[in-house]
Amino acid sequence: MDLQTRKLNFIKDFLKLESEKAISHLEKLLQKETQNSSELKPMTMKEFQKRIDQSTEDSKNGKLTENSKLISEIEKWS
């Protein structure tokens with residue numbers, strides 16, 4: 001399903017909502033997401049290279065998180 005279709009389906013489902021609490025929750029989530037997206041800016045090539053170098057060093061020094069540990073940590077977020 002493409003993004004446009006997903007948006008339209010979301011709007012249809014949203015219009016069916018009767019819960020004030022659910023609508024408030026979705027409004028807050030939308031505000032948070034639009035704030036975050038407006039704060040994003042592309043990094044420079046120099047910043048990009050620096051992050052790659054840092055990641056390589058971290059890997060060499062064993063500063064890694066196993067994916068299973070990361071997944072279990074993410075599950076605790078909600």
Side-chain angles (χ1 to χ4, degrees):
M1 186 181 313
D2 69 332
L3 184 58
Q4 196 65 19
T5 303
R6 289 174 60 199
K7 287 180 182 180
L8 290 171
N9 287 338
F10 181 83
I11 292 168
K12 288 177 188 175
D13 291 339
F14 180 81
L15 291 173
K16 293 177 190 174
L17 281 176
E18 298 289 330
S19 167
E20 183 76 30
K21 185 178 178 182
I23 292 171
S24 275
H25 183 69
L26 289 169
E27 285 173 333
K28 288 176 186 173
L29 180 62
L30 181 60
Q31 287 172 352
K32 184 178 177 183
E33 287 299 315
T34 53
Q35 276 181 338
N36 288 343
S37 65
S38 66
E39 294 172 4
L40 293 177
K41 59 181 179 180
M43 67 177 80
T44 64
M45 282 304 289
K46 186 176 181 177
E47 291 169 324
F48 182 61
Q49 288 295 329
K50 184 177 178 182
R51 289 183 81 171
I52 290 172
D53 293 341
Q54 183 64 54
S55 296
T56 303
E57 283 300 310
D58 288 345
S59 178
K60 287 178 185 174
N61 295 323
K63 294 182 180 179
L64 302 173
T65 301
E66 296 291 327
N67 66 337
S68 58
K69 289 181 182 178
L70 181 61
I71 290 170
S72 88
E73 183 65 31
I74 290 170
E75 288 172 348
K76 294 176 188 176
W77 293 354
S78 52

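In this structure, CG in Asp13 is found 11.0 Å from CG in Leu8, a value given to the nearest 0.5 Å. To the nearest 0.5 Å, atom CD of residue Glu33 and atom CG of residue Leu26 are 11.5 Å apart. Expressed to the nearest 0.5 Å, how far CD1 of Ile23 lies from CG of Leu30 amounts to 13.0 Å. Rounded to the nearest 0.5 Å, atoms CD (Gln4) and CG (Asn9) are 10.5 Å apart.
Qualifying side-chain hydrogen bond (donor to acceptor under 3.5 Å, both in side chains) partners for Thr5, counting only residues two or more places apart in sequence or in other chains: Asp2. The side-chain contact (heavy atoms from CB on, under 4.5 Å) test applied to Glu18 returns no partner, not counting sequence neighbours.
Counting heavy atoms from C-beta outward, Glu73 and Lys76 have side chains that approach closer than 4.5 Å.
Between the Ser72 side chain and the Lys69 main chain, a donor and an acceptor come within less than 3.5 Å of each other.
Both Met43 and Met45 belong to a single network of hydrophobic side chains, linked directly or stepwise wherever heavy atoms of I, L, V, M, F, W or Y lie under 4.5 Å apart. Hydrophobic clustering, with ILVMFWY side chains joined whenever heavy atoms are under 4.5 angstrom apart, keeps Ile71 apart from Trp77.
Side-chain contact of Asp53 with Gln49: a donor-acceptor pair under 3.5 Å is absent, judged by distance alone.
Residue Glu47 qualifies as enclosed at atom CD: its count of foreign heavy atoms under 6.0 Å is above 12.
For the pair Leu64 and Ser59, the tightest heavy-atom approach, listed with the atom from each and the gap, is CD2-CA, 3.9 Å.
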